[in-house]
Every structure is written in structure tokens, then in C-alpha cells.
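To keep things clear, I will list the structure first and then write my remarks on it.
Order of the sequence lines fixes the chain letters, A, B, ..., with proteins taken first and strands second; residue numbering starts at 1 for each chain.
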Amino acid sequence: MAYWLMKSEPDEVSFDDVLAAPSKTVAWFGVRNYQARNFMRDQMKAGDGVLFYHSSCAVPGVAGVAEVASGPYPDASQFDPKSHYYDPKASEEQPRWISVDVKAVEEGSYLPLSEMRTMPELEDMVLLQKGSRLSITPVTAAQWKAVLKRMRAGG
DNA sequence: GCCAACGTTGGC
DNA sequence: GCCAACGTTGGC
């Protein structure tokens with residue numbers, strides 16, 4: 001079982017939005033970076049752990065715990081000319097972009113980025129490396145454990 | 001709004 | 001295949 005951190009702008013999809021969705025599950029769409037796509041396509045499995053991260057907001061940080069809830073499938077928004085995520089080079093026959101379903105599991109207490117930077121267990125986390133801006137990054141079992149411990153302990 | 005860092009594009 | 005120009009990300 002693998003662990004991931006996935007970034008979402010809460011103005012687009014917040015962790016609360018996922019909690020409120022039917023079956024607490026949403027399609028993760030709009031990834032337009034090959035490295036992040038390849039993680040979804042080649043490595044993600046249903047049941048993998050997901051840290052749901054809020055980016056580009058007042059207090060960026062991990063908002064909740066989720067899990068991968070499907071295998072990879074074509075991202076529908078790439079085919080929709082009206083979508084912000086439309087890709088004219090993608091076709092139904094040859095899709096370029098991938099979605100997976102993500103299911104909210106546990107809310108916990110919000111873990112701000114500023115606090116993550118103070119946690120020694122997270123020193124090597126991909127998210128925290130200089131210049132790192134991938135929207136999907138791997139998380140080690142030790143990092144996962146440290147984050148969950150902190151989120152369950154409360155602020 | 002700024003800007004560092006990174007990814008993509010396209011001319012050559 | 002190189003690399004300059006451009007676009008995007010995302011914290012601050």
C-alpha cells in the first residue's frame with residue numbers, strides 16, 4: 001500500500017466538498033502534468049492513502065485524510081471544449097489525461113504547511129523540498145504516520 | 001502582486 | 001536535440 005499527497009485549491013474542491021459529496025467520493029480531474037499523471041496511471045491503487053492538501057489559499061496545509069477509490073480512467077474534462085481543462089490534442093481514442101476517484105476518510109485537525117516545516121519526521125517530504133510544486137507527490141509510511149498522529153492529536 | 005522555480009513549446 | 005521564450009504554480 002502506497003501513500004500520496006494530492007493538492008487541491010479549496011476554491012475549486014475543498015476537503016469539505018469531498019465530505020459532502022455522494023459516498024464522500026469525487027473524481028480527481030484536471031491534472032495536466034505528466035509526472036503527476038504517471039503516478040496516477042502507473043502506481044496508484046484503490047485503497048492507497050491520500051493526504052488531501054489545500055494549496056493557493058490563506059493557510060495552505062493538509063485538510064484531511066482520504067483514499068484512492070478507483071483505478072485510473074480517462075479524465076472527462078480533457079474532451080470538453082467548454083472546460084478550462086480542455087485539451088484539443090486529446091481524443092476519446094487516445095486520451096492523454098487521467099483521473100482517479102478520491103474518497104474522504106477522516107477529517108482530523110488541520111495541519112498547516114508552516115507547522116509541517118517544523119516537524120523533523122517530514123524533513124525529507126517531497127512537498128517540502130525547494131522548488132517542489134508537483135500536484136501529486138509520494139509520501140513515505142513514516143511521513144504518513146507522523147502526519148496522522150498530529151492530525152488525530154488535534155492542534 | 002511578486003517572484004523563484006519548474007514545465008512546455010517551438011524555431012532552428 | 002538544444003535552448004530561449006513563455007506559461008504556470010504556489011508560497012509569501
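- One can place CZ of A/Arg32 at 13 Å from P of B/dT8, the figure rounded to the nearest angstrom.
- With sequence neighbours excluded, the residues satisfying salt bridge (charged side-chain N to carboxylate O under 4.0 Å, His left out) with A/Arg152 are A/Glu106.
- Not counting sequence neighbours, the partners of A/Asp87 by the salt bridge (charged side-chain N to carboxylate O under 4.0 Å, His left out) test are A/Arg96.
- For A/Asn33 and C/dT8, the CG to P distance is 13 Å, given to the nearest whole Å.
- Considering only residues two or more places apart in sequence or on other chains, A/Tyr73 meets the side chain to side chain contact (heavy atoms under 4.5 Å, CB included) condition with A/Ala27, A/Ser70, A/Ser99, A/Asp101.
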Yes or no on side-chain contact (heavy atoms from CB on, under 4.5 Å) for A/Thr25 and A/Val102, after CA distance, side-chain angles and deciding distance? CA-CA 5 Å; A/Thr25 301; A/Val102 169; over 6 Å; no

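- Across the protein-nucleic acid pair, A/Ile136 atom CD1 and B/dG7 atom P stand 15 Å apart, rounded to whole Å.
- Take A/Arg37 and apply the salt bridge (charged side-chain N to carboxylate O under 4.0 Å, His left out) test, not counting sequence neighbours, and it matches no residue.
- Here the P atom of nucleotide C/dT9 and the CG atom of A/Leu5 are 16 Å apart, to the nearest Å.
- Rounded to whole Å, atom C1' of B/dG7 lies 14 Å from atom CG of A/Asn38.
- Sorted by first and then second residue, the pairs that involve residues 12-22 of chain A and meet side-chain hydrogen bond (donor to acceptor under 3.5 Å, both in side chains), not counting sequence neighbours, are A/Ser14-A/Asp17.
- In this structure, A/Lys89 atom NZ and B/dT8 atom P are separated by 11 Å, rounded to whole Å.
- The ring pair (Phe, Tyr, Trp, His ring centres under 6.0 Å) search around A/Tyr86 returns none, not counting sequence neighbours.
- Across its full length, the helix from B/dG1-C/dC12 to B/dC12-C/dG1 shows an angle of 10° between the axes of its 5 terminal pairs at either end, rounded to 10 degrees.
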Could you go through nucleotides 1-4 of chain C and list every protein N or O atom that sits under 3.5 Å from one of its N or O atoms, giving the distance for each pair?
none

For residues 119-139 of chain A, run the donor-acceptor check on the side chains, cut-off 3.5 Å, and write out each pair with its distance to 0.1 Å, sequence neighbours left out.
residue	atom	partner	partner atom	Å
A/Gln129	NE2	A/Glu123	O	3.1
A/Gln129	NE2	A/Met125	O	2.7
A/Ser132	OG	A/Val126	O	2.9

For nucleotides 10-12 of chain C, tabulate all protein N/O to nucleotide N/O atom pairs closer than 3.5 Å, reporting atom names and distance.
residue	atom	partner	partner atom	Å
C/dG10	OP1	A/Lys7	NZ	2.7
C/dG10	OP1	A/Arg133	O	2.8
C/dG11	OP1	A/Tyr53	OH	2.8
C/dG11	OP2	A/Ser56	N	3.0

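- A/Arg37 has its CZ atom 10 Å from the P atom of B/dT8, to the nearest Å.
- Annotation: side chain of A/Met6 is not in contact with side chain of A/Tyr53 (no heavy-atom distance under 4.5 Å).
- Scanning for ring pair (Phe, Tyr, Trp, His ring centres under 6.0 Å) contacts around A/Phe52 gives A/Phe15, A/Trp28, A/His54, with sequence neighbours left out.
- Shown here are the side-chain hydrogen bond (donor to acceptor under 3.5 Å, both in side chains) partners of A/Gln143, two or more places apart in sequence or in another chain: A/Thr140.
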